[in-house]
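All remarks here apply to the structure that follows.
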Amino acid sequence: MTTGTYTTILYEVDGPVAVITLNRPDRLNAIGGAMITELRHAMATAERDTSVVGIVLTGAGRGFCAGVDMDGLEDLAAADNPNPFADDPGDVLIPGGAERDADYERSVTFVMAVRKPVVGAINGPAAGMGLGLAAACDVRFAAENAFFVNAFAQRGLTGEHATTWLLPRLMGHARALDMMWTGRRVSAQEAQACGLVNEVVPSEELLDAATDYVRTLARTAAPRSLMHIKQQTYRDLMRPLGPAMEDSEERALVSLNWPDFAEGVAAFQERREPNFPELDLS
């Protein structure tokens, strides 16, 4: 087991799982200061670690993420930068590599550029930017007492942090509009029923459920395939069927020559678990 040192998050690697924990529990893990930069760096670190197959993102204490730290809202309103969450981190490690799609670089959308699965373990309230961060994860497990909420309209704001793009794709436009217009709380159970959450589990089982999901992927799926399928999925959300099919056919032809394919076929024929090669993104 290895750990990393940050000021606003915790980073731990245990076997094929990197667990990143938002760590401002006294502020319900509200986003402020260095948190976004540290989160981007930690995800890029996990991405480059060949032992890591997937990342679990969760929160410390009783909340997942309360959104932007309210104490800093006045400063944001007066700031010269119209989008303080779109800053260039310079030489700080960022996920997605040199070939990452520019559409997935702003606010919370960098999570979708990570070339490994990102599993949200939503342990409590996910509000505002925290809602966007949860929605940007590839799949979501939620504790029974978790809920999702935003108050953009109630604060005189527009839809922020990719919520107007993410939520309609996950839960349908009518439910998404209702959620964003009214600012009402959506329970974990309702979130699962409408597609915002994959699975709801008891609070004490949440982290195990999320990490077990990654361990299952590590045992049964090729890391290279996981990366390509994720990239295809997010790119195909924004293009017509024809280009999507062309891209999938080109990738399929290339994948036939991968050692991953040879191992997958051999494991199937020999009725054993596969031993796929690690994904080296360094």
Flag for N23-T21: side-chain donor and acceptor within less than 3.5 Å: no

Report yes or no: do [X] and [Y] belong to one cluster of Ile/Leu/Val/Met/Phe/Trp/Tyr joined by side chain heavy-atom distances under 4.5 Å?
X    : Y    : value
L10  : L57  : no
V119 : V108 : no
L279 : F261 : no
I55  : I31  : yes
L133 : L167 : yes

Pairwise distance [atom1]([X]) to [atom2]([Y]) - rounded to 0.5 angstrom:
X    : Y    : atom1 : atom2 : value
H173 : R175 : NE2   : CZ    : 10.5 Å
M112 : T233 : CE    : OG1   : 12.0 Å
R224 : L281 : CZ    : CG    : 9.0 Å
N123 : S203 : CG    : OG    : 8.0 Å
S248 : Q232 : OG    : CD    : 6.5 Å
H161 : L166 : NE2   : CG    : 12.0 Å

Expected output: side-chain [X] to main-chain [Y] donor-acceptor under 3.5 Å:
X    : Y    : answer
T211 : L207 : yes
D260 : S255 : no
D138 : V118 : yes
Q154 : W181 : yes
R155 : A151 : no
K116 : M227 : no
E47  : R115 : yes
R140 : A121 : no
N275 : E263 : no

Contacts of F141 that satisfy ring pair (Phe, Tyr, Trp, His ring centres under 6.0 Å) - sequence neighbours left out: Y213

Counterpart residues, side-chain hydrogen bond (donor to acceptor under 3.5 Å, both in side chains), relative to R169 (two or more places apart): none

Criterion salt bridge (charged side-chain N to carboxylate O under 4.0 Å, His left out) on D14 and R215, from CA distance to verdict: CA-CA 10 Å; D14 186 4; R215 293 182 193 282; 3.4 Å; yes

Heavy-atom side-chain proximity of [X] to [Y] below 4.5 angstrom:
X    : Y    : answer
L226 : I229 : no
T45  : R48  : no
V186 : F147 : no
T163 : M129 : no
K230 : V114 : yes
L131 : M179 : yes
S187 : E190 : yes
W258 : S225 : yes

Ignoring hydrogens, what is the shortest heavy-atom contact between [X] and [Y]? Give both atom names and the distance.
X    : Y    : value
G15  : V13  : O-CG1, 3.7 Å
P117 : L217 : CG-CD1, 4.1 Å
I122 : A134 : CD1-CB, 3.7 Å
A162 : T109 : CB-CG2, 3.6 Å
P125 : G63  : CD-CA, 3.6 Å
L237 : W165 : CD1-CH2, 3.6 Å

Short N-O contact, E246 and R251, less than 4.0 angstrom: no

Charged N-O contact under 4.0 Å between R184 and D178: yes

Residue R62 excluded, over 12 heavy atoms near CZ under 6.0 Å: no

Derivation of the side-chain contact (heavy atoms from CB on, under 4.5 Å) call for I20 and M43: CA-CA 8 Å; I20 300 175; M43 287 202 173; 3.6 Å; yes

Side chain to side chain donor-acceptor pair (under 3.5 Å) partner of R24, chosen from T8, T7, D69: D69

Parallel, tilted or perpendicular, as decided by the 30° and 60° cut-offs, for the rings of Y11 and Y6: perpendicular

